[in-house]
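Both backbone and side-chain heavy atoms feed into the values below; hydrogens, waters and symmetry mates do not.
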Amino acid sequence: MDKIPEYSAPPQTKIGHVHLKVADLQRALAFYCGLLGFEVTTTYGDQAAFISAGGYHHHIGLNTWYSKNGPPAPKNTTGLFHTAILYPTRKDLATILNRLLEAKYDLTGAADHGVSEALYLDDPDGNGVELYWDRPKADWPQKEDGSLEMYTRPLDLNNLLEELKS
């Protein structure tokens, strides 16, 4: 391959949406809308739905075009590790944690990454989901050379739930 000039994506670049293959559209909608609180913005018959938070055209696409009634993808193959859903505040993350606990929905993990706090779970199709909030950039830990000091430490869920008392 010929050498191509270096390029940096513009600083305002964002990941716009994720599109997931699911086995059962109604089951996926029950999880993403019924449990996590997203809203349906449009559907394509009974094969696809587009959902969002806050009126955006869609943050997540769900479809059964190639996956209707299919099994979950094996964990030890290439593919999407997880979809990360960014909550605006720590209290918002505490609210969804409380909702998951009330619904008895299993977490697969919870971590303090220094720059963020995160909850991990699988959707009904085995797709990984990360629910997280970012700490203010000024609070992100740094190494001596100025680069980020990200880590994975246990997240104190009881401390997180204390946010709901304020």
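- Cluster annotation: Leu93 and Trp140 are assigned to distinct hydrophobic clusters (Ile/Leu/Val/Met/Phe/Trp/Tyr, side-chain heavy-atom contacts under 4.5 Å, transitive).
- Criterion: ILVMFWY side-chain heavy atoms under 4.5 Å apart, direct or through other members. Under it, Tyr151 and Val115 are not part of a common hydrophobic cluster.
- Annotation: the span from Ile51 atom CD1 to Thr42 atom OG1 amounts to 12.5 Å, rounded to 0.5 Å.
- With 3.5 Å as the limit, one finds no donor-acceptor pair spanning the side chains of Glu162 and Asn158.
- For the ring pair (Phe, Tyr, Trp, His ring centres under 6.0 Å) test, residues two or more places apart in sequence or in another chain that qualify with Phe31 are Tyr105.
- Hydrophobic clustering of Ile, Leu, Val, Met, Phe, Trp and Tyr side chains at less than 4.5 Å, counting indirect connections, keeps Val40 apart from Tyr56.
- The main-chain N or O of Phe50 is found under 3.5 Å from a side-chain atom of Thr41 such that the two form a donor-acceptor pair.
- Between Asn63 and His19 the shortest side-chain heavy-atom distance falls below 4.5 Å.
- Taking 4.5 Å as the limit, some side-chain heavy atom of Thr64 sits within range of a side-chain heavy atom of Val22.
- The distance from atom CG of Leu25 to atom CD of Gln47, rounded to the nearest 0.5 Å, is 9.0 Å.
- At least one side-chain heavy atom of Leu119 sits under 4.5 Å from a side-chain heavy atom of Leu155.
- In terms of modelled atom types and a separation under 3.5 Å, the side chain of Ser67 and the main chain of Gly70 share no donor-acceptor contact.
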Under 3.5 Å, which donor-acceptor pairs do the side chains of residues 128-136 form with other protein atoms, sequence neighbours left out?
unit_1	atom_1	unit_2	atom_2	d
Glu130	OE1	His82	NE2	2.7
Glu130	OE2	Tyr120	OH	3.4
Trp133	NE1	Glu117	OE1	2.8
Arg135	NH1	Asp112	OD1	2.8
Arg135	NH1	Gly114	O	2.9
Arg135	NH2	Asp112	OD2	3.2
Arg135	NH2	Glu117	OE2	3.3

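- Both Leu164 and Ile96 sit in one connected hydrophobic cluster of ILVMFWY residues. Membership requires side-chain heavy atoms under 4.5 Å apart, directly or through other members.
- For the pair Leu160/Arg90, a side-chain contact is recorded, criterion being any heavy-atom separation below 4.5 Å from C-beta on.
- Here the NE2-CG distance, from His59 to Leu86, works out to 10.0 Å after rounding to the nearest 0.5 Å.
- We find the CZ-CD1 distance between Phe38 and Ile85 to be 4.0 Å, quoted to the nearest 0.5 Å.
- Taking Thr78 as the reference, nothing meets the side-chain contact (heavy atoms from CB on, under 4.5 Å) condition, with sequence neighbours excluded.
- Formation of a donor-acceptor pair under 3.5 Å by the Asp125 side chain with backbone atoms of Asn127 is not found in this model.
- For the atom pair CD1 of Ile60 and CG of Leu29, the computed distance is 10.5 Å after rounding to the nearest 0.5 Å.
- Contact record, Arg27 with Pro124: NE-CB, 3.5 Å, taken as the closest heavy-atom pair.
- For the pair Thr152/His113, a side-chain contact is recorded, criterion being any heavy-atom separation below 4.5 Å from C-beta on.
- Around atom OH of Tyr44, no more than 12 heavy atoms belonging to other residues, nucleotides or ligands sit under 6.0 Å away.
- Expressed to the nearest 0.5 Å, how far CG of Leu20 lies from OG1 of Thr83 amounts to 4.5 Å.
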| query | Can you list the steps and then say if Leu161 with Leu101 is a side chain to side chain contact (heavy atoms under 4.5 Å, CB included)? | reply | CA-CA 11 Å; Leu161 289 170; Leu101 292 172; 3.8 Å; yes
